[in-house]
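Each chain gets a letter, A, B and so on, in the order its sequence line appears, and its residues count up from 1.
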Number of protein chains: 2
Amino acid sequence: MKDNAKDKFVRTWGEMASCWGINKTMARIHAQLIAADAALSTDELMESLAISRGNANMNLRALVDWGLIRRVSVGSERREYFQAEQDIWAMGCRIARERKKREIEPVIGALEECLKESGDPKFNRKLAELLELVRTVDNVLGRLARQERSAVMPKVLAVLKTMA
Amino acid sequence: MKDNAKDKFVRTWGEMASCWGINKTMARIHAQLIAADAALSTDELMESLAISRGNANMNLRALVDWGLIRRVSVGSERREYFQAEQDIWAMGCRIARERKKREIEPVIGALEECLKESGDPKFNRKLAELLELVRTVDNVLGRLARQERSAVMPKVLAVLKTMA
DNA sequence: TCATACTTTCAGAATATTATGAAAGATAAC
DNA sequence: GTTATCTTTCATAATATTCTGAAAGTATGA
């Protein structure tokens with residue numbers, strides 16, 4: 001019997017990919033690496049996920065870029081291996097940080113420009129409210145991203161209490 | 001001079017679409033309706049965004065489905081008009097609620113199944129941590145989605161204080 | 001009932017995204 | 001240097017997503 005639970009996990013993570021803002025194969029590689037006990041090589045990933053070398057390379061690079069996995073050397077081998085960030089909360093922080101940087105910050109800049117250029121007071125009010133909303137999200141993500149590993153959970157729990 | 005600020009806003013919102021989990025045209029229609037003072041008809045949107053009737057219809061339906069806009073009648077006219085939710089924070093809550101329902105909840109279910117089926121203790125620990133993370137996000141979104149309009153901001157601000 | 005005014009559908013077209021794999025580029029050991 | 005091993009690139013292919021527009025559907029009222 002193959003390890004169905006891990007396979008199902010890889011599939012699930014792949015389907016949830018769009019939610020994290022990454023593509024499906026990238027998420028499947030990530031999942032495979034999270035589930036693995038040891039670091040895996042490109043060839044191992046190519047085989048287990050049935051993807052081409054180019055595809056594997058591209059997505060591994062993107063994952064490294066996001067800070068979700070890292071390259072590791074194994075012994076004296078020439079080959080590169082990859083390992084997922086093992087601390088799940090740190091992973092969450094990474095995702096928060098990247099999405100803030102890639103998606104939220106540019107929008108704030110653009111909305112600020114709109115606000116500067118618009119002369120219509122009604123529209124300005126709407127823009128200002130939108131900006132407030134987006135800035136708040138930005139702020140929350142920014143603070144999350146800066147947290148130390150163990151500090152996150154208690155704070156989030158405290159927050160939840162205040163929200164009945 | 002055309003209203004450049006509004007046009008820029010429509011473009012910006014369209015580009016940020018993937019971040020909200022909706023498609024570009026859907027976001028542009030949404031932006032147009034946010035920026036508009038009055039409700040707009042399908043034909044007005046088709047013209048100003050240069051899109052086909054089918055496309056407009058499809059995306060308007062999706063926006064209604066998300067609860068981001070609603071159909072309104074204007075006077076005794078036969079034609080339907082559309083209007084964006086005017087309260088920006090309510091809009092944010094809607095988005096939170098829909099994404100929770102569409103994306104987070106199914107993942108929680110799937111991860112729970114993985115956990116049930118897996119016999120590997122190491123993997124189980126990782127799954128449990130992931131579940132905790134995803135459930136926390138779910139929890140936060142759920143509470144946000146249930147808030148009354150004016151109640152959201154103070155609470156979020158209070159939260160931010162606790163996070164230094 | 002028919003004509004009118006509008007909405008919805010959906011097969012096919014257009015576009016955008018992702019994947020392939022062979023070739024070129026590295027790097028290390030000899 | 002040369003060979004062997006591994007990585008990266010990129011033109012092309014495959015796939016997935018989104019859009020179009022004409023035809024079919026629906027409601028209204030004369």
Side-chain angles (χ1 to χ4, degrees), chain A residues 10-11 13-33 38-66 68-83 102-103, chain B residues 10-11 13-33 38-66 68-83 102-103:
Chain A
V10 171
R11 246 177 294 124
W13 211 240
E15 275 149 27
M16 124 175 243
S18 67
C19 172
W20 296 120
I22 68 184
N23 89 36
K24 195 166 174 167
T25 301
M26 196 170 151
R28 290 200 304 148
I29 293 175
H30 187 205
Q32 193 81 266
L33 289 173
L40 301 177
S41 69
T42 300
D43 291 77
E44 286 168 320
L45 289 164
M46 282 167 61
E47 199 199 324
S48 63
L49 298 173
I51 58 176
S52 71
R53 185 168 299 283
N55 195 7
N57 184 266
M58 183 174 73
N59 285 298
L60 283 166
R61 180 137 44 85
L63 282 165
V64 170
D65 212 53
W66 272 68
L68 294 173
I69 68 175
R70 61 178 182 283
R71 293 167 198 275
V72 297
S73 342
V74 169
S76 61
E77 269 195 87
R78 173 88 167 281
R79 185 188 310 236
E80 294 187 301
Y81 285 77
F82 297 89
Q83 187 165 45
R102 290 162 197 250
E103 294 169 356
Chain B
V10 171
R11 245 176 295 123
W13 211 241
E15 276 148 27
M16 126 176 241
S18 67
C19 171
W20 296 121
I22 68 183
N23 89 34
K24 196 166 174 166
T25 301
M26 197 171 149
R28 292 201 304 149
I29 293 174
H30 188 205
Q32 192 81 267
L33 289 173
L40 300 177
S41 68
T42 300
D43 291 77
E44 287 168 321
L45 289 165
M46 282 166 61
E47 200 199 323
S48 63
L49 299 173
I51 57 176
S52 71
R53 186 168 300 283
N55 195 7
N57 185 265
M58 184 174 71
N59 284 297
L60 283 166
R61 178 136 46 84
L63 283 165
V64 169
D65 213 52
W66 272 68
L68 294 174
I69 66 174
R70 59 178 183 284
R71 293 168 199 273
V72 297
S73 341
V74 169
S76 60
E77 269 195 87
R78 175 87 165 281
R79 184 189 310 236
E80 293 188 300
Y81 284 77
F82 297 89
Q83 188 165 47
R102 292 164 197 248
E103 294 169 356

Nearest-neighbour nucleotide for the [X] side chain, [options] considered:
{"X": "B:Asp43", "options": "D:dT7, D:dA27, C:dT7", "value": "C:dT7"}
{"X": "B:Arg71", "options": "C:dT8, D:dT8, C:dA28", "value": "C:dT8"}
{"X": "A:Thr25", "options": "C:dT20, C:dT18, D:dT18", "value": "C:dT18"}
{"X": "A:Arg78", "options": "C:dA26, D:dT26, C:dT20", "value": "C:dA26"}
{"X": "B:Glu80", "options": "C:dT7, D:dG21, C:dT18", "value": "C:dT7"}
{"X": "A:Thr42", "options": "D:dT7, C:dT18, D:dT5", "value": "D:dT7"}

Could you tell me how far apart [X] ([atom1]) and [N] ([atom2]) are, to the nearest whole angstrom?
{"X": "B:Arg53", "N": "D:dA23", "atom1": "CZ", "atom2": "P", "result": "14 Å"}
{"X": "B:Arg28", "N": "D:dT18", "atom1": "CZ", "atom2": "C1'", "result": "12 Å"}
{"X": "B:Glu44", "N": "C:dC6", "atom1": "CD", "atom2": "P", "result": "12 Å"}
{"X": "A:Leu40", "N": "D:dT7", "atom1": "CG", "atom2": "P", "result": "13 Å"}
{"X": "B:Met46", "N": "D:dT20", "atom1": "CE", "atom2": "P", "result": "9 Å"}
{"X": "A:Leu49", "N": "C:dT20", "atom1": "CG", "atom2": "P", "result": "11 Å"}
{"X": "B:Glu77", "N": "C:dA5", "atom1": "CD", "atom2": "P", "result": "12 Å"}
{"X": "A:Ile51", "N": "D:dT8", "atom1": "CD1", "atom2": "C1'", "result": "15 Å"}

side-chain contact (heavy atoms from CB on, under 4.5 Å) evaluation trace for B:Arg71 with B:Phe82: CA-CA 5 Å; B:Arg71 293 168 199 273; B:Phe82 297 89; 3.6 Å; yes
Closer than 4.0 Å, any side-chain N/O of [X] to the OP1 or OP2 of [N]?
{"X": "A:Asn57", "N": "D:dT7", "value": "no"}
{"X": "A:Arg61", "N": "D:dT7", "value": "no"}
{"X": "B:Asn55", "N": "D:dT20", "value": "yes"}

A:Thr25 and A:Leu49: CA distance, side-chain angles, deciding distance, side-chain contact (heavy atoms from CB on, under 4.5 Å) verdict: CA-CA 9 Å; A:Thr25 301; A:Leu49 298 173; 5.5 Å; no
Spatial distance of atom CZ (A:Arg79) from atom CG (A:Asp43) [nearest 0.5 Å]: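 Interatomic distance, A:Arg79 CZ to A:Asp43 CG, rounded to 0.5 Å: 5.0 Å.
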Spacing of A:Met26 atom CE and A:Leu63 atom CG [to the nearest 0.5 Å]: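 Interatomic distance, A:Met26 CE to A:Leu63 CG, rounded to 0.5 Å: 4.0 Å.
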Sugar-phosphate, base or nothing in reach of B:Arg79, heavy atoms under 4.0 Å: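 Result for B:Arg79 = sugar-phosphate.
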Sugar-phosphate only, base, or nothing, as touched by A:Asn23 at under 4.0 Å among non-hydrogen atoms: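 If one applies the 4.0 Å heavy-atom cut-off, A:Asn23 turns out to touch the sugar-phosphate alone, with no base involved.
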Nearest-nucleotide comparison on DNA chain D, the residue closer to the 5′ end among A:Tyr81 and B:Asn59: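 Mapping each residue to its closest nucleotide by heavy atoms, the 5'-most match is A:Tyr81.
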Steps toward side-chain contact (heavy atoms from CB on, under 4.5 Å) verdict (A:Glu80, A:Leu60): CA-CA 11 Å; A:Glu80 294 187 301; A:Leu60 283 166; over 6 Å; no
Trace of the side-chain contact (heavy atoms from CB on, under 4.5 Å) decision for A:Thr42 with A:Asn57: CA-CA 7 Å; A:Thr42 300; A:Asn57 184 266; 5.7 Å; no
Nearest-nucleotide 5' precedence on DNA chain C, A:Met58 against A:Ser76: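 By nearest-heavy-atom nucleotide position, the 5'-most residue is A:Met58.
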